[in-house]
2 protein chains.
Amino acid sequence: MTTAEAEVTRGSALAHNASFLLTRASVLAAQRDNRMLEPLGLKVRSYSVLSLAIEDVPPTQREIAEFLRLDPSQVVALVDELEGRGLVSRAPDPRDRRAKVVAATAQGRSVYDEARGRVVDVMSHLDPDDAATLQRVLEQLAFEE
Amino acid sequence: MTTAEAEVTRGSALAHNASFLLTRASVLAAQRDNRMLEPLGLKVRSYSVLSLAIEDVPPTQREIAEFLRLDPSQVVALVDELEGRGLVSRAPDPRDRRAKVVAATAQGRSVYDEARGRVVDVMSHLDPDDAATLQRVLEQLAFEE
DNA sequence: TATTGTTATACTCTATAACTATA
DNA sequence: TATAGTTATAGAGTATAACAATA
């Protein structure tokens with residue numbers, strides 16, 4: 001009963017609630033991204049870890065956990081999987097040998113490049129001015145604490 | 001090591017990825033909302049169901065499921081809980097007696113009003129023009145399929 | 001003593017299939 | 001036969017506590 005659903009959609013107070021809209025938009029984006037990444041054996045989570053491991057100064061697991069708002073124990077599993085596939089490597093941080101630096105391998109870089117091409121840009125259908133505002137405001141909302 | 005975390009935050013490609021920002025912003029908002037709703041025995045999910053049940057034309061469970069992008073079986077559990085607390089009632093839809101309409105009770109309305117006052121508006125710290133743009137663009141992103 | 005990574009565990013959330021009652 | 005709601009269940013995601021190595 002699509003018409004009835006549409007009525008609920010348009011009329012309800014929820015449909016204009018910012019938190020709700022934020023959640024629904026991000027769920028839709030994540031589902032799309034997961035579908036696009038599936039052929040590469042990645043999900044949004046593992047893609048996120050891989051994309052951090054690409055950086056010139058690769059992060060420790062602790063930094064990954066903080067940045068992705070995950071528990072350190074979840075990062076262990078994600079890195080285990082990527083390491084098992086040869087996409088990243090773990091190495092003790094010379095400055096603090098308790099910490100492990102997670103860096104992408106050559107193969108990891110290659111998979112990342114392919115993945116990045118597949119992940120749809122949420123902004124691509126937007127008016128450029130709107131896209132710029134969205135980018136700026138989301139960075140504000142995503143990192144305020 | 002907060003400084004290192006900040007470097008990763010600012011420098012990484014991920015930090016500028018729209019999907020990622022969307023997800024991080026919505027997770028932060030949901031966590032805040034959950035904390036604010038906890039004293040009322042609600043979470044974002046049950047609050048969402050309650051707020052739909054408030055509407056003048058209350059929805060069926062199927063409509064709730066489609067709108068919230070949940071499986072119908074999850075809606076059963078959410079409505080069970082709210083009904084058990086006397087906040088909503090289930091009634092067969094006269095037009096299709098297979099379907100059940102979920103409507104808020106007087107007590108449900110009262111709890112909803114209190115909840116709505118507690119849920120922080122994501123927009124409240126934003127520049128008014130930015131807030132208006134965000135609202136419009138999020139509605140676009142949240143309901144495009 | 002505190003912190004990083006790890007393991008184990010439990011809890012929540014999500015997804016699927018099968019059943020019932022209505023259509 | 002198809003759909004709404006329900007139930008049961010398994011899988012994914014999340015959160016917590018305890019432990020070894022290092023600081």
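Values in this document were obtained by computation on a predicted structure and should not be read as measured data. Lettering follows sequence order; numbering is per chain, from 1.
Atom-to-atom, CD of A:Glu66 to P of C:dT3 comes out at 12 Å; the value is rounded to the nearest Å. If you measure from atom CD of B:Gln31 to atom C1' of D:dT14, you get 11 Å, rounded to the nearest angstrom. Between A:Asn34 atom CG and C:dT14 atom C1' the separation is 13 Å, expressed in whole Å. To the nearest angstrom, P of C:dA23 lies 16 Å from CZ of B:Arg62. Between A:Leu70 atom CG and D:dA12 atom P the separation is 17 Å, expressed in whole Å. In this structure, the CD atom of A:Gln61 is 14 Å from the C1' atom of C:dT3, given to the nearest Å. The CD-C1' distance, from A:Glu63 to C:dT4, rounds to 11 Å in whole Å. Computed from coordinates, the B:Glu38 CD to C:dT12 P distance equals 12 Å when rounded to whole Å.
When the nucleotides D:dG13, C:dT6, D:dT6 are ranked by their closest atom to the side chain of A:Arg45, D:dG13 comes out on top.
Remark: A:Arg90 is not in phosphate contact with C:dT4, judged by side-chain N or O atoms under 4.0 Å from OP1 or OP2. Between B:Lys43 and C:dT12, a side-chain N or O to OP1/OP2 separation shorter than 4.0 Å is absent.
Partners of B:Arg136 by salt bridge (Lys or Arg N to Asp or Glu O under 4.0 Å), not counting sequence neighbours, listed by chain and number: A:Asp130. For the side-chain hydrogen bond (donor to acceptor under 3.5 Å, both in side chains) test, residues two or more places apart in sequence or in another chain that qualify with B:Asp33 are A:Ser19. With sequence neighbours excluded, no residue satisfies salt bridge (Lys or Arg N to Asp or Glu O under 4.0 Å) with B:Asp71.
The residue among B:Val76 and A:Gln74 whose nearest nucleotide of DNA chain D is located toward the 5' end is B:Val76.
The salt bridge (charged side-chain N to carboxylate O under 4.0 Å, His left out) contacts involving residues 37-50 of chain A comprise nothing, where partners must be two or more places apart or lie in separate chains. Among residue pairs with one or both ends in residues 82-111 of chain B, none qualify as ring pair (Phe, Tyr, Trp, His ring centres under 6.0 Å); sequence neighbours excluded. Under the salt bridge (charged side-chain N to carboxylate O under 4.0 Å, His left out) criterion, no residue pair touches residues 105-124 of chain B, with sequence neighbours excluded. Counting only residues at least two apart or on different chains, the ring pair (Phe, Tyr, Trp, His ring centres under 6.0 Å) pairs with a member in residues 68-127 of chain B are B:Tyr47-B:Tyr112.
Note: A:Phe20 and B:Phe143 have tilted aromatic rings, judged against thresholds of 30 and 60 degrees for the angle between ring planes.
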Could you go over nucleotides 18-20 of chain C and give all protein N or O partners under 3.5 Å, atom names and distances?
none

Discussion item. Generate the contact string for nucleotides 16-23 of chain D. Rules: B means base contact, S means sugar-phosphate contact only, - means no protein heavy atom under 4.0 Å.
Written reply: B----BBS

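Closest non-hydrogen pair, B:Gln61 versus B:Arg90, comes out as OE1-NH1, 2.7 Å.
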